[in-house]
Colleague: 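Got a structure here, written out as structure tokens. Questions coming.
Residue numbers count from 1 along this sequence. Values reported hereafter were calculated over all heavy atoms of this structure, with side chains retained and with hydrogens, waters and symmetry mates removed.
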Amino acid sequence: MSWQDNYQLWQKADLTSDLRQDLTAMAPDEAALQEAFTQPLEFGTAGMRGVMGPGINALNIYTVQQATEGLACFMDQLSAEKKAAGVAISYDSRYHSQEFAFVAAGVLGAHGIKSYVFDSLRPTPELSFAVRYLQTYAGIMITASHNPKQYNGYKIYGPDGGQMPPEEVGQIVAYIEKVTDLFQIKSLRQNELRDAHLLQLIGEDVDQAYLAQLATVTVQPELIKKVAADFTLVYSPLHGTGKMLYERVFRQAGLTKIQVVPEQAILDPEFATTPFPNPEFPQAFELAEALGKKTGADLLIATDPDADRLGAAVRQPNGDYHLLTGNQIAALMVNYLLEAYQAQGKLPADGVIVKSIVSSEFPAKVAAHYNIETRNVLTGFKYIGEQIEQMEVTGQGHFLFGFEESYGYLVKSFVRDKDAMQAAVLLAEVAAYYREKGLTMYDGLQSLYREFGHFQERTVSFDFEGLAGQEKMAQVMTEFRQNPVSTVADVAVTRVEDYQAQTATLADGTVSKLALPKANVLKYYLADETWIAVRPSGTEPKIKLYFGVVADSEAAGLQKLERYQAALSPRLQ
């Protein structure tokens, strides 16, 4: 069907009042209509994410119903036992998130599938935990994570609590594509679901079980007790789900002086204090820094609206705060964990940390110092979850830590997605460890640099908006493959990994097979230990350039980053 045909269907449909108003406002803008009605919102292995509004290329109750109909039809083909296990559903603080959650429950109910829906918003990691705790077959999380206010999203989790694997997602997508009329999907109302025992509200029952597991994250509780009276932590939930549990989580860990950023503890779908509710951005920490300076806080922590990502800033000797990168946070956590386990005689000989291929080698080098293996996986925490599952099933390997450079970390495997609540507890303990020594985490980071080298990373994003953007992104990746990179700023490329072709090619032409699944990623290794990756985002219209360097000093590392970025950026512009 043409975009005009799709548009006419929506004009004739009995839309909700807000979508009807948005559609009327969109009418004079043909470009906007084409964007909304030409092609459906892509449903990938990370689910779907897009702006909220009318159309097949947006998040609205009809596209949410369509996605859920695909999941329900997939579950209809399962055994009666698996189907009866049902689906856990959670949601964040965004516009329509709660509505979308109950819309999904209504579609599942029409197929006789029971939903366990949280009574109010909860973090993404708690949804992952709930799937495992309640032993449901699947989970749905309504969230757009750290995206701006106009976005929302829909993620599906599998029985292990990790995001649904690609094979199952492919089958669900096939069912989604069979839904030809978005306005004729059968759904039950909430009262009908309750009468039929197809909807159960959950909340404090799961909270208590999740909190009990979070209590096991702390490695040396006595450290926090020693410094608790003088240790101040500032926390911001960035208007999101972290607000629901943060105080109980921190106090359970022994922290007593917790200051929440009041303006950002308001559950506001407008994200009024920060247009980008992303703990990666310095602007998101401005209010936390101001409060930190008033209270003399040792550590600032912020979590994104669905509380799966964590960012942090540490106080420096002059009282200013230094914003840590996700890779630096991971290195500090890995070093602390492995040192503590070793001191306690609990460091397993077959211990493993797992990271994505675009994350720093810094934590890997720290792990190697303790004779701990590092495994690399594709970007997407589901792949870290798969490694955990494999270790548990085979008995080969003992999971110790998982992370992605994009501010996602996992300490204990009772969750199978990145968990900012776990990370917050551990990071506070790391800060207490250095505080007890009379140091800050910034001092600790400098110590690691002196021991292992100055590792620095940078990610540069290039936007490709609109329908033409997808085509342009494909062209850029094709051009990289057709015109291979052999040198970058006069430094030789010694190895090229093409994860789409699943090949690794050395400078002498020797080709070997990569073991990881297919993905549209290119990674280059240079003669000076630098690595560079080119990867289209799975959730946003962007191509990302990742750089990782190691040098003798911070200044030398920065020079390398600038030089390599200047050399490659023109190929994406």
Side-chain angles (χ1 to χ4, degrees), residues 46 88 90-92 118 121-134 139 141 143 145-146 155 157-158 160-163 206-219 235-238 240-250 252-253 255 278-280 301-312 324 326 329-330 332-334 336-337 353-356 359 363 377 379-389 391-392 399-430:
S90 186
Y91 50 93
D92 69 7
F118 276 97
L121 67 166
R122 291 298 194 285
T124 289
E126 189 172 1
L127 182 276
S128 172
F129 172 78
V131 170
R132 297 174 59 78
Y133 177 69
L134 299 172
M141 183 70 200
T143 180
S145 189
H146 56 285
K155 296 195 290 188
Y157 287 76
D160 69 340
Q163 288 186 41
V206 179
D207 292 345
Q208 289 188 15
Y210 179 49
L211 286 163
Q213 290 297 318
L214 284 171
T216 69
V217 172
T218 304
V219 183
Y235 172 68
S236 171
L238 295 180
T241 60
K243 178 183 178 179
M244 307 306 293
L245 295 174
Y246 82 89
E247 187 167 13
R248 295 164 75 182
V249 170
F250 287 133
Q252 177 176 266
L255 295 159
N278 187 342
E280 179 179 351
I301 287 177
T303 56
D304 67 343
D306 68 323
D308 63 350
R309 298 171 189 244
L310 172 146
L324 298 172
I329 292 170
L332 285 161
M333 286 179 168
V334 167
Y336 171 74
L337 273 177
I353 70 168
V354 189
K355 73 177 189 68
S356 69
S359 298
V377 296
T379 300
F381 231 86
K382 61 181 169 289
Y383 297 112
I384 294 176
E386 285 178 1
Q387 285 292 318
I388 296 170
E389 190 75 8
M391 286 183 235
E392 292 187 352
F399 175 75
L400 295 175
F401 188 77
F403 80 97
E404 292 184 324
E405 47 75 39
S406 53
Y407 297 75
Y409 327 90
L410 183 64
V411 188
K412 291 290 188 75
S413 62
F414 58 83
V415 165
R416 295 298 168 87
D417 203 348
K418 46 190 177 285
D419 188 344
M421 295 291 99
Q422 288 193 39
V425 169
L426 181 61
L427 194 63
E429 186 176 346
V430 175

Colleague: Would you say that Lys412 contacts Val425 through its side chain, given a criterion of any heavy-atom pair below 4.5 Å between the two side chains?
Modeller: no
Colleague: Is Asp207 close to Glu126 at the side-chain level, that is, under 4.5 Å between some pair of heavy atoms?
Modeller: yes
Colleague: Got a sec, which residues hit side-chain hydrogen bond (donor to acceptor under 3.5 Å, both in side chains) with Tyr383, two or more places apart in sequence or on another chain?
Modeller: none
Colleague: List the steps and the verdict of side chain to side chain contact (heavy atoms under 4.5 Å, CB included) for Leu324 and Leu332.
Modeller: CA-CA 10 Å; Leu324 298 172; Leu332 285 161; 4.0 Å; yes
Colleague: Could you tell me whether the side chain of Asp417 reaches within less than 4.5 Å of the side chain of Tyr157, counting heavy atoms only?
Modeller: yes
Colleague: Please answer whether the main-chain N or O of Lys155 pairs with a side-chain N or O of Gln163 as donor and acceptor at a distance below 3.5 Å.
Modeller: no
Colleague: Can you sort out the partners of Lys243 under salt bridge (charged side-chain N to carboxylate O under 4.0 Å, His left out), two or more places apart, ordered by chain and number?
Modeller: none
Colleague: Does the side chain of Leu410 reach to within under 4.5 Å of the side chain of Phe399, using non-hydrogen atoms?
Modeller: yes
Colleague: Atom CG of Leu337 and atom CG of Leu426: how far apart are they, to the nearest 0.5 Å?
Modeller: 5.0 Å
Colleague: List in chain and number order the residues that pass side-chain hydrogen bond (donor to acceptor under 3.5 Å, both in side chains) with Tyr235, two or more places apart in sequence or in another chain; answer none if no residue qualifies.
Modeller: Thr303
Colleague: For the residue pair Gln387 and Val354, what are the closest heavy atoms and their distance?
Modeller: CG-CG1, 4.1 Å
Colleague: For the side chain to side chain contact (heavy atoms under 4.5 Å, CB included) test, which of Gln422, Met421, Met244 pairs with Val249?
Modeller: Met421
Colleague: With sequence neighbours left out, write down each residue that passes side-chain contact (heavy atoms from CB on, under 4.5 Å) with Ala302, or none if nothing qualifies.
Modeller: Ser236, Leu238, Pro279, Phe285
Colleague: Holding to side-chain hydrogen bond (donor to acceptor under 3.5 Å, both in side chains), I want the full list of residues that pass it with Asp92, two or more places apart in sequence or in another chain.
Modeller: Arg94, Ser97, Thr143
Colleague: Please name all residues satisfying side-chain contact (heavy atoms from CB on, under 4.5 Å) with Ser406, sequence neighbours left out, ordered by chain then number.
Modeller: Arg309, Glu404
Colleague: Answer yes or no: is there a side-chain heavy-atom contact under 4.5 Å between Gln208 and Arg248?
Modeller: yes
Colleague: Enter the distance from Lys418:NZ to Ser128:OG here, rounded to the nearest 0.5 Å.
Modeller: 10.5 Å
Colleague: Mind checking side-chain contact (heavy atoms from CB on, under 4.5 Å) for Glu280 and listing every partner two or more places apart, or none if nothing turns up?
Modeller: Asn278, Tyr407
Colleague: Once side-chain contact (heavy atoms from CB on, under 4.5 Å) is applied, do any residues pair with Pro125, and if so which ones, sequence neighbours excluded?
Modeller: Pro123, Tyr210, Asp308, Val415, Asp419
Colleague: Would you say the side chain of Pro363 lies within less than 4.5 Å of the side chain of Phe403, judging by non-hydrogen atoms?
Modeller: yes
Colleague: Under the side-chain hydrogen bond (donor to acceptor under 3.5 Å, both in side chains) test, which residues partner Gln252, sequence neighbours left out?
Modeller: none
Colleague: Sequence neighbours excluded, which residues qualify as ring pair (Phe, Tyr, Trp, His ring centres under 6.0 Å) partners of Tyr133?
Modeller: Phe129
Colleague: Once you round to the nearest 0.5 Å, how far does CG of Leu400 lie from CE of Met391?
Modeller: 8.5 Å
Colleague: My understanding is that only residues two or more places apart in sequence, or in another chain, count here; which of them pass salt bridge (charged side-chain N to carboxylate O under 4.0 Å, His left out) with Asp160?
Modeller: none
Colleague: Should Glu386 and Val377 count as side-chain neighbours, where that means a heavy-atom distance under 4.5 Å?
Modeller: no
Colleague: Could you tell me whether the side chain of Ser90 and the main chain of Met141 form a donor-acceptor pair under 3.5 Å?
Modeller: no
Colleague: Show, in sequence, the C-alpha distance, side-chain angles and deciding distance for Leu214 and Leu211, and conclude whether the side chain to side chain contact (heavy atoms under 4.5 Å, CB included) test is met.
Modeller: CA-CA 5 Å; Leu214 284 171; Leu211 286 163; 4.2 Å; yes
Colleague: Run the salt bridge (charged side-chain N to carboxylate O under 4.0 Å, His left out) test against Glu389 and tell me which residues pass, sequence neighbours left out.
Modeller: Arg416
